[in-house]
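Below is one structure; the comments refer to it alone.
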Amino acid sequence: EPEVTQTPSHQVTQMGQEVILRCVPISNHLYFYWYRQILGQKVEFLVSFYNNEISEKSEIFDDQFSVERPDGSNFTLKIRSTKLEDSAMYFCASSGDRSNTEAFFGQGTRLTVV
Amino acid sequence: AQSVTQLGSHVSVSEGALVLLRCNYSSSVPPYLFWYVQYPNQGLQLLLKYTSAATLVKGINDFEAEFKKSETSFDLTKPSAHMSDAAEYFCAVSDGGATNKLIFGTGTLLAVQP
């Protein structure tokens with residue numbers, strides 16, 4: 001069964017450092033998403049990506065965040081200068097089209113900023 | 001704006017007992033509703049979804065949910081709990097808009113007692 005793959009599963013970084021979280025969406029999907037879940041809180045939408053550009057972003061997704069699809073298979077989330085409050089589980093998801101098909105989620109990357 | 005409220009952050013049932021997890025939504029447009037399950041150290045897996053067809057939706061592992069427009073609810077049920085059902089359950093809503101992003105509830109942690 002096709003699945004969304006995220007690497008790494010865990011990442012520890014020092015405050016102020018840049019991190020890149022990687023995702024390989026399902027190959028024929030068109031819509032890509034990043035969500036995050038701070039420990040003990042709800043899963044929050046960060047950004048959606050379609051046709052090689054951001055289609056929507058939340059207020060959380062400020063200038064320190066960026067996404068790209070560099071090679072047609074990977075989908076990355078970059079946090080430019082990490083803060084303690086960026087510590088969270090980050091989930092990548094993809095879906096095939098807009099007709100409300102299922103969004104498939106990856107296993108998540110647990111980011112810890114120290 | 002859309003929102004989801006899950007009643008009860010923790011629910012405990014005995015093995016073999018009925019599982020009932022409550023979800024209320026708010027949406028200005030006809031909603032699409034989802035239940036996701038998250039097992040420990042895993043990603044989010046879709047249990048079932050409502051997309052304006054039948055109001056009683058059947059999902060995996062004998063879970064089902066009923067869409068009640070008058071009560072703005074989408075409660076998840078399972079007739080007989082198994083130990084393996086212990087997990088966190090998230091209700092989510094989408095407006096089917098341009099990005100089809102999901103808005104999640106805060107989650108309900110289900111414990112199953114032997």
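Quantities reported herein were computed from a predicted structural model and do not represent experimental measurements. Chain letters run A, B, ... following the sequence lines, proteins first, then strands; residues in each count from 1.
Within the model, atoms NZ of K42(A) and SG of C91(B) stand 11.0 Å from one another, a figure rounded to the nearest 0.5 Å. Rounding to the nearest 0.5 Å places CZ of F91(A) at 11.5 Å from OH of Y36(B). From I103(B), atom CD1 reaches atom CD of E44(A) across 9.5 Å, with rounding to the nearest 0.5 Å.
Scanning residues 48-65 of chain A against chain B with a 4.5 Å heavy-atom cutoff picks out S48(A), S55(A), E56(A), ordered by number. Proximity to chain A among residues 56-69 of chain B is not found for any residue, judged by heavy-atom separations below 4.5 angstrom.
If you measure heavy-atom distances from Q6(B) to chain A, you find no contacts under 4.5 Å at all. Contacts of Q37(A) with chain B are made by side-chain atoms alone, with heavy-atom separations under 4.5 Å and no backbone atom involved. In this structure, no portion of F104(A) lies under 4.5 Å from any heavy atom of chain B.
In terms of hydrophobic clustering, with Ile, Leu, Val, Met, Phe, Trp and Tyr side chains grouped at heavy-atom distances under 4.5 Å, F32(A) and I79(A) are assigned to a common cluster. Hydrophobic clustering (side-chain heavy atoms under 4.5 Å, transitive across Ile, Leu, Val, Met, Phe, Trp, Tyr) keeps L20(B) apart from L48(B). Hydrophobic clustering keeps V114(A) apart from L111(A) (ILVMFWY residues linked when any side-chain heavy atoms are closer than 4.5 Å, directly or through intermediates). Y90(A) and V19(A) end up in the same hydrophobic cluster when Ile, Leu, Val, Met, Phe, Trp and Tyr side chains are linked at under 4.5 Å. Note on V11(B) and V19(B): same hydrophobic cluster, where clusters join Ile, Leu, Val, Met, Phe, Trp and Tyr whose side-chain heavy atoms are under 4.5 Å apart, directly or indirectly.
Looking only at distances, a side-chain donor or acceptor of Q107(A) sits under 3.5 Å from a matching main-chain atom of G43(B). Remark: side-chain polar atoms of Y35(A) are paired, donor with acceptor, to backbone N or O of L102(B) under 3.5 angstrom.
For R69(A), the CZ atom counts as densely surrounded, since its 6.0 Å shell holds more than 12 non-hydrogen atoms of other residues, nucleotides or ligands. When the shell of 6.0 Å around CD of Q14(A) is examined, it contains 12 or fewer heavy atoms from other residues, nucleotides or ligands.
Both the sub-6.0 Å distance and the 45° axial angle are satisfied by K101(B) relative to the ring of F45(A).
Closest non-hydrogen pair, Y33(A) versus N100(B), comes out as OH-CB, 3.9 Å.
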